[in-house]
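When a ligand or atom number is given, it counts from 1 through the structure's own listing order.
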Amino acid sequence: MISLNNVHKSYVTGSNSLHVLKGIDLEIKSGEFVSIMGSSGSGKSTLLNILGILDNYDEGSYYLNGSLVKDMSEKKAAKLRNELVGFVFQSFNLISFKNALENVALPLYYQGVNRKKRNKIAEEYLDKVGLLDWATHLPSEMSGGQKQRVAIARSLISQPKIIFADEPTGALDTSTSYEVMDILKEINDDGITVILVTHEHDIASMTQKIVRLKDGRIDEIIKNGDLKNFQHRYAKELETA
Ligand SMILES: Nc1ncnc2c1ncn2[C@@H]1O[C@H](COP(=O)(O)OP(=O)(O)O)[C@@H](O)[C@H]1O
Ligand SMILES: [Mg+2]
């Protein structure tokens with residue numbers, strides 16, 4: 001589903017160039033639940049934006065569902081995004097003057113679906129994230145965890161195959177973080193590939209595969225069975241940091 005080979009990315013500002021990704025090789029199969037973990041500034045968001053075709057890369061190759069994502073026209077990129085991809089962000093990105101139902105229904109509005117139909121479908125997705133009773137509430141009336149659940153429902157309404165989530169629990173306290181992780185896990189159980197970015201090792205350890213970024217490279221990939229070992233080692237690293 002996702003295949004990267006030797007992907008490089010630099011940001012050029014004026015005469016300065018910052019080499020952020022220095023040769024990323026990565027395979028992610030359909031149905032996986034993956035976290036990309038690394039310290040602040042390690043290039044996690046850069047990598048996720050490339051995966052979600054929100055940004056370009058400089059060298060190497062990226063295949064998404066068999067299509068080479070490189071120098072793609074915006075039209076083709078938009079088509080791929082619409083067919084395959086949903087996004088969830090740390091800051092929820094809800095529209096403040098629209099209620100929960102309208103926020104969830106928004107992608108369907110852009111697809112030209114009439115109000116009655118889109119509201120009915122949005123209700124199903126609000127129900128899925130346990131917020132049907134909150135349909136008429138504005139984001140300002142909701143907790144951070146609830147807002148993120150609305151954002152997740154909105155990301156699901158276009159029936160994506162992959163959800164990309166950039167620090168989805170970054171603005172939440174521990175218990176609401178777990179609520180959001182539970183929903184992402186449920187979505188994954190429904191067969192959707194979930195790829196999230198986090199700098200928190202306890203969030204990462206709730207996923208099946210941890211891709212650890214360090215100095216622009218993949219430092220290691222930790223699979224389900226090795227998570228205990230990973231937590232142990234990571235704790236040691238923190239002690240000596
Ligand atoms: N648009 C940009 N222009 C210039 N530098 C950027 C841009 N986006 C990110 N960077 C820099 O690239 C590095 C990696 O950023 P990012 O991918 O956001 O890291 P992370 O998400 O792991 O915190 C950081 O040093 C950041 O300042
Ligand atoms: Mg980031």
| Contact atoms of ligand 1, heavy-atom distance to S40 under 4.0 Å | 23 (O)
| message | Whether the side chain of Y57 engages the backbone of V69 through a donor-acceptor N/O pair (distance < 3.5 Å, no angle test) should be reported. | response | yes
| Shared hydrophobic cluster for V7 and L64 (ILVMFWY, side-chain gaps under 4.5 Å) | yes
| said: Can you report which non-hydrogen protein atom sits closest to atom 1 (N) of ligand 1, along with the distance? | reply: Y11 CE2, 3.6 Å
| query | Within 4.0 Å of atom 11 (C) of ligand 1 (strictly less), any protein heavy atom? | reply | yes
| According to the interplanar angle, ranging from 0 to 90°, do the rings of F87 and F89 count as parallel (below 30°), tilted (30 to 60°) or perpendicular (above 60°)? | parallel
| remark: In this structure, atom 18 (O) of ligand 1 is nearest to the protein heavy atom S45 CB, 3.7 Å
| field | S39: numbered ligand 1 atoms lying under 4.0 Å from its heavy atoms | value | 22 (O)
| query | Just checking, is any N or O donor in the side chain of D166 or S45 under 3.5 Å from an acceptor N or O on the other one? | reply | yes
| Sub-4.0 Å protein heavy atom near atom 21 (O) of ligand 1 | yes
| query | Does an N or O anywhere in V20 fall below 3.5 Å from an N or O of ligand 1? | reply | no
| said: Checking a contact table here: which protein heavy atom is nearest atom 27 (O) of ligand 1, and how many Å away? | reply: L18 CD2, 4.7 Å
| request: Without swapping roles, check the side chain of R212 against the backbone of M37 for a donor-acceptor pair under 3.5 Å. | output: no
| task | Can you pull out the closest protein heavy atom to atom 23 (O) of ligand 1? Residue, atom name and distance to 0.1 Å, please. | result | G41 N, 2.7 Å
| Judged by modelled atom types alone, do T176 and D173 share a side-chain donor-acceptor pair under 3.5 Å? | yes
| query | Is K44 in polar range of ligand 1, meaning some N or O pair under 3.5 Å apart? | reply | yes
| field | Criterion side chain to side chain contact (heavy atoms under 4.5 Å, CB included) against I162, the qualifying member of I192, T193, L51, N65 | value | T193
| request: Take D55 and K9 through the test salt bridge (charged side-chain N to carboxylate O under 4.0 Å, His left out) and record every step on the way to the result. | output: CA-CA 10 Å; D55 202 355; K9 169 80 179 176; 3.3 Å; yes
| query | Going only through I, L, V, M, F, W and Y residues with side-chain contacts under 4.5 Å, is there a path from L184 to L131? | reply | yes
| field | Same apolar cluster: I36 and I50, side chain cutoff 4.5 Å | value | yes
| field | Atoms of the protein (N/O/S only) found under 2.8 Å from the Mg ion (ligand 2) | value | S45 OG
| said: Strictly below 4.0 Å, N to O, side chains only: are K128 and D190 in salt-bridge contact? | reply: yes
| field | ligand 1 atoms in contact with G43 (distance to a heavy atom under 4.0 Å) | value | 14 (C), 16 (P), 17 (O), 19 (O), 20 (P), 22 (O)
| query | Taking side chain as C-beta onward, heavy atoms only, is I203 less than 4.5 Å from E167? | reply | no
| remark: Looking only at protein heavy atoms, what sits closest to atom 17 (O) of ligand 1 is T46 OG1, 2.5 Å
